[in-house]
Number of protein chains: 2
Amino acid sequence: MATKAGVTAREIEVFDRFTAQRGLRHSRPRRDILCTFLDEDRHLTADEILRLARRRNPRVGVATVYRTMKLLTESGLCRELRIEDGAVRYEHLFGHGHHDHLICSQCGRLEEVVDPAIERLQDRLCEQKGFVADHHRLEIYGRCRTCAGFRKTPPRQRSVRRGESR
Amino acid sequence: MATKAGVTAREIEVFDRFTAQRGLRHSRPRRDILCTFLDEDRHLTADEILRLARRRNPRVGVATVYRTMKLLTESGLCRELRIEDGAVRYEHLFGHGHHDHLICSQCGRLEEVVDPAIERLQDRLCEQKGFVADHHRLEIYGRCRTCAGFRKTPPRQRSVRRGESR
DNA sequence: TATGATATTGATAATCTTTATCAATATTCA
DNA sequence: TGAATATTGATAAAGATTATCAATATCATA
Ligand SMILES: [Mn+2]
Ligand SMILES: [Mn+2]
Ligand SMILES: [Zn+2]
Ligand SMILES: [Zn+2]
């Protein structure tokens, strides 16, 4: 379910097609940010992306990160995620297909899941309500298998709170 | 499904019990904000609550609104809602029971729904994954019955974007 | 390859939302 | 009533995201 680390040529291709079709130019910083995003498997915040991108290219600025992530979102390669901690994260979309999230409130882990039966019932619900669905978000909060277990080794507390990102 | 307008005595009772149990004092501004929140049926932002509260009591400040809404959340009377537009809204919880949302991207309408079958499947999904669920959020975005209809009378555009709240 | 049109960038200012500070005030209870 | 202290509102501060803008990079074309 999770994207394997390593930049996928296909994703770069998608982005190149997107920029071409928009009449955008190629640029080093944009490419660096794109690769940073693609190389990471986690759900990163803008600030985390900035730090990682600067390891490749110390000159990239915040604004360009936000600008690029917006482009990536528009190109369908990425999606913004707003969970209960209030932070905005970016997640891979290409090659993932739609999925929902199980979010551990204790260790912060974020598991991606799909349940076709649930999806079907959602469609049925919308139909009943006369609602034409475009997309949806389902997040289930609780304790992951590890954190809920016998907790012989309680995993590190990593529940993220807003403003804790430094 | 929606809370009927008009302050419910029971909700005030719940809050009084909550404050008493916490050793908090009674205060006019807090009461004004509580009643403002209870009187409104919509999903309001902090800023909207502030404006409405000031119609009752022009002296209330922003800080007290945030402080009070936090108390209301802790008391179980209200819940924070973060939808895709990025704004934080507060919604009634007491007398509502758990529910999910159908959100119209065109007119901004927010319909509350419950589908027991979906809830059951979510439980099953978590069980399969070894995940101990605490609560969840499901939001379905699209066009409401009115906006999706023959649109003889296209409803006012009210799709809210961040920072448009003035 | 040089060049001009213009897309892009990064530093920084500006916004917006939420929280922290703190002196003044209100509430509670002996 | 009078102290103890919880509460408030104005305002500063913090964080996150966006807007501004002069400098620079990109690219089609000559
Ligand atoms: Mn889903
Ligand atoms: Mn639900
Ligand atoms: Zn966990
Ligand atoms: Zn609508």
Side-chain angles (χ1 to χ4, degrees), chain A residues 15-16 18-34 36 43-51 53-54 56-75 78 80-90 160-166, chain B residues 15-16 18-34 36 43-51 53-54 56-75 78 80-90 160-166:
Chain A
F15 189 67
D16 281 349
F18 173 80
T19 50
Q21 184 251 325
R22 277 239 203 159
L24 304 179
R25 296 176 180 175
H26 283 89
S27 89
R28 172 81 193 290
R30 202 135 66 187
R31 174 66 55 108
D32 289 331
I33 292 164
L34 170 60
T36 298
H43 298 71
L44 300 171
T45 65
D47 190 66
E48 288 166 341
I49 293 171
L50 175 65
R51 291 168 193 282
R54 279 185 168 157
R56 293 169 190 256
N57 178 350
R59 312 161 54 86
V60 305
V62 214
T64 305
V65 169
Y66 281 106
R67 286 189 281 240
T68 302
M69 295 319 289
K70 179 166 293 185
L71 288 179
L72 291 186
T73 302
E74 289 166 8
S75 76
C78 125
E80 291 185 0
L81 204 62
R82 297 165 193 276
I83 59 178
E84 282 184 354
D85 67 9
V88 174
R89 286 157 209 283
Y90 298 92
V160 188
R161 279 284 129 205
R162 186 200 290 245
E164 178 182 319
S165 46
R166 93 186 36 77
Chain B
F15 188 68
D16 281 350
F18 173 79
T19 50
Q21 183 251 326
R22 277 240 202 158
L24 305 179
R25 297 177 179 173
H26 282 87
S27 88
R28 172 82 194 290
R30 203 135 68 187
R31 173 64 56 105
D32 290 330
I33 292 165
L34 171 60
T36 298
H43 299 71
L44 300 171
T45 65
D47 189 66
E48 288 166 341
I49 293 172
L50 175 65
R51 290 169 193 282
R54 279 185 169 158
R56 294 170 190 255
N57 178 350
R59 312 162 54 87
V60 305
V62 212
T64 305
V65 168
Y66 281 104
R67 286 189 281 240
T68 303
M69 295 320 288
K70 180 166 293 185
L71 287 178
L72 291 186
T73 301
E74 289 165 9
S75 75
C78 122
E80 292 184 0
L81 203 62
R82 296 165 193 276
I83 60 178
E84 282 184 355
D85 67 7
V88 173
R89 286 157 208 284
Y90 298 93
V160 188
R161 279 284 128 203
R162 186 200 289 247
E164 178 181 321
S165 46
R166 97 188 36 79

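Just so we're on the same page: letters track the sequence lines, and every chain starts at 1.
- The separation between B:Tyr66 atom OH and C:dA20 atom P is 13 Å, rounded to whole Å.
- Contact record, A:Arg25 with A:Arg30: O-NH2, 2.8 Å, taken as the closest heavy-atom pair.
- Straight-line distance from the CZ atom of B:Arg54 to the C1' atom of D:dT8: 12 Å, rounded to whole Å.
- In the set D:dG9, D:dT7, C:dT8, D:dT7 carries the atom at the smallest distance from any side-chain atom of B:Ser27.
- Counting to the nearest Å, the P atom of C:dT17 and the CD atom of B:Glu80 are 15 Å from each other.
- For A:Arg56 and C:dT9, the CZ to P distance is 16 Å, given to the nearest whole Å.
- Between A:Asn57 and B:Ala63, the one whose closest nucleotide on DNA chain C sits nearer the 5' end is A:Asn57.
- Distance A:Leu50 CG to D:dT18 P: 14 Å, rounded to the nearest Å.
- Rounding to whole angstrom units, CG of residue B:Asp85 and P of D:dT18 are separated by 13 Å.
- Under a 4.0 Å N-O distance rule, the pair A:Arg59/A:Asp32 does not qualify as a salt bridge.
- Nearest to the side-chain atoms of B:Val62 among the listed nucleotides C:dT18, C:dG10, D:dT17 stands C:dT18.
- In this structure, A:Leu24 atom CG and D:dC27 atom C1' are separated by 13 Å, rounded to whole Å.
- Per the geometry, NZ belonging to B:Lys70 stands 7 Å off P belonging to C:dA20, to the nearest Å.
- Residues B:Arg67 and B:Arg59 each lie close to DNA chain C; by heavy-atom proximity, the contact nearer the 5' end of the strand is made by B:Arg67.
- Contact record, A:Val62 with A:Arg54: N-NH2, 4.5 Å, taken as the closest heavy-atom pair.
- Comparing C:dT27, D:dT8, C:dT8 by their closest approach to the side chain of A:Arg25 singles out C:dT8.
- The shortest side-chain heavy-atom distance between A:Ile33 and A:Ile49 falls under the 4.5 Å cut-off.
- Between A:Leu72 and A:Tyr90, every side-chain heavy-atom pair lies at or beyond the 4.5 Å cut-off.
- The base of D:dT8 has none of its N or O atoms less than 3.5 Å from a complementary donor or acceptor on the side chain of B:Arg30.
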